[in-house]
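Written below as structure tokens is the structure these notes are about.
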2 protein chains.
Amino acid sequence: MPTKERILGAAEELFARHGFEGASLRQLTAAAGVNLAAVNYHFGSKDRLIEEVFRRRLDQLNGRRLAALQKIAGEPGTTIEDVLAAFITPALELSHDGNGSLFMRVLARAFAEHDDTLRKFLSDNYGHVMRQFTAEFARLLPTLSKEELYWRVDLVTGALTHAMSGFGMIQRKSDVPEQRHREQTAEHLIRFAASGLKAP
Amino acid sequence: MPTKERILGAAEELFARHGFEGASLRQLTAAAGVNLAAVNYHFGSKDRLIEEVFRRRLDQLNGRRLAALQKIAGEPGTTIEDVLAAFITPALELSHDGNGSLFMRVLARAFAEHDDTLRKFLSDNYGHVMRQFTAEFARLLPTLSKEELYWRVDLVTGALTHAMSGFGMIQRKSDVPEQRHREQTAEHLIRFAASGLKAP
DNA sequence: GCAAGAATCAAACGATCGTTTGAGGATACG
DNA sequence: CGTATCCTCAAACGATCGTTTGATTCTTGC
């Protein structure tokens with residue numbers, strides 16, 4: 001595997017496990033089996049590496065989410081549950097290839113970082129997706145005020161990030177296959193979030 | 001103010017802003033206006049300081065939450081909304097004195113840390129509260145399976161942590177007083193979470 | 001008022017951090 | 001074959017990390 005990919009893979013894992021400050025380039029390059037200087041050679045700096053970790057997965061994730069939304073947006077039969085599924089399912093699929101599930105933990109860490117540079121980066125690369133989904137929610141929930149809708153979408157995001165990154169006390173039982181566990185996660189998530197969005 | 005309190009205050013602020021690894025003892029002691037060696041003198045180590053930051057606020061928070069729950073638990077007229085309010089309101093009150101609001105951000109960071117030591121500490125000092133609240137939810141939602149209930153409580157926790165730590169895009173508008181903003185947060189949170197918990 | 005303990009201080013400890021350097025190996029193209 | 005380009009490597013850079021030390025100051029009780 002090319003050096004750049006090995007670095008990105010190891011970075012994703014170690015950032016998820018120890019945070020951006022907590023994972024050192026020496027741990028990282030050792031885990032990837034590459035020379036220490038390779039990070040600065042291929043990415044320029046640690047900060048640029050962090051951005052690249054995000055860009056690689058977010059491009060994938062955003063693309064799939066928007067594609068799924070496109071298929072149902074504006075259609076007469078579309079339900080809240082459909083829109084939520086369009087948002088959640090791509091995140092589950094991401095967990096299939098490689099250690100993509102770790103990326104959701106990295107994303108959760110990024111939310112926790114109130115660092116302005118990182119927040120701006122996320123807003124630039126993530127904001128337009130949220131905006132399109134919010135617009136579709138608005139269509140399906142016409143009685144909600146704009147403010148109320150923003151609040152609820154925000155709360156859904158919180159629940160989702162929490163669940164997808166494996167924060168909580170819900171752990172996969174050893175007798176449940178991983179893929180089935182993810183499907184269950186999605187089912188619970190959609191049922192809960194749909195009901196929360198539709199609150200009177 | 002005594003040295004220990006000044007350190008704890010500065011630690012809370014810097015841990016919220018830069019994370020546990022990101023905030024150094026030199027920044028921290030400089031912000032507190034105390035000598036660098038004071039942390040190791042009064043707390044023994046940085047890790048013990050981190051635990052003390054949690055203990056101080058969690059004791060307060062857990063006490064108020066359990067007291068509020070005690071008043072309504074098992075009573076015939078109690079609603080889901082009441083239980084949620086018992087859980088949420090103490091967190092809002094915490095934001096009144098000093099920079100207690102920063103603590104919710106520290107707590108959110110702790111969730112993001114998958115460090116086993118910290119997770120065990122939180123489980124020991126936080127778990128029994130969650131268990132009591134979950135028991136009361138179980139009483140009010142008798143049709144829910146145990147598994148389903150755990151999932152929903154977990155998702156509520158995620159939404160709550162997200163909202164309370166100011167993760168999301170909802171920012172307080174400058175013309176809304178801070179206390180009113182917190183009340184609005186609680187109202188939206190309770191309405192959303194109650195509906196999510198009661199999902200069919 | 002003076003000995004004893006608690007608290008603060010500047011300074012230094014070894015370790016580790018992100019980054020840079022310059023020499024050397026690998027690869028592709030004329 | 002030679003050379004230019006991409007890449008890797010060990011080593012070192014200065015900075016900063018958490019922690020420790022030993023001297024000094026402050027506080028307390030007899």
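The analysis underlying the following values was restricted to heavy atoms, covering all of them including side chains, and did not include hydrogens, waters or symmetry mates. Naming convention: chains lettered A, B, ... in sequence-line order (proteins, then strands); numbering from 1 in each chain. Just so we're clear, the structure is a prediction, and the values are computed from it rather than from any experiment.
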May I have the distance from [X] (atom [atom1]) to [N] (atom [atom2]), rounded to whole angstrom?
X       : N      : atom1 : atom2 : answer
B:Tyr41 : D:dT21 : OH    : C1'   : 14 Å
A:Glu21 : D:dA15 : CD    : C1'   : 15 Å
B:Asn40 : D:dT19 : CG    : P     : 5 Å
B:His42 : C:dG5  : NE2   : P     : 18 Å
B:Lys46 : D:dT16 : NZ    : C1'   : 12 Å
A:Asp47 : C:dC17 : CG    : C1'   : 13 Å
A:Phe43 : C:dT19 : CZ    : P     : 13 Å

Just say parallel, tilted or perpendicular for the rings of A:His188 and B:Trp151, cut-offs at 30° and 60°.
parallel
Judged by modelled atom types alone, do A:Thr157 and A:Asp154 share a side-chain donor-acceptor pair under 3.5 Å?
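No - no donor-acceptor pair under 3.5 Å links their side chains.
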Please tell me if B:Ser24 has a side-chain N or O lying less than 4.0 Å from either OP1 or OP2 of D:dT16.
no
Is the shortest side-chain N/O distance from A:Thr3 to OP1 or OP2 of D:dC7 below 4.0 Å?
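Result: no.
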Hey, are [X] and [Y] close enough for a salt bridge, meaning a charged N less than 4.0 Å from a carboxylate O?
X       : Y       : result
A:Glu51 : A:Arg48 : no
A:Glu52 : A:Arg56 : no
A:Asp59 : A:Arg55 : no

Which nucleotide wins on minimum distance to the side chain of A:Ala37, given the candidates D:dC7, C:dT21, D:dT19?
C:dT21
At a heavy-atom distance below 4.0 Å, what parts of residues 25-36 of chain A sit against DNA chain C?
A:Leu25, A:Arg26, A:Leu36
Taking only residues two or more places apart in sequence or in another chain, which ones pass side-chain contact (heavy atoms from CB on, under 4.5 Å) with A:Ala67?
none
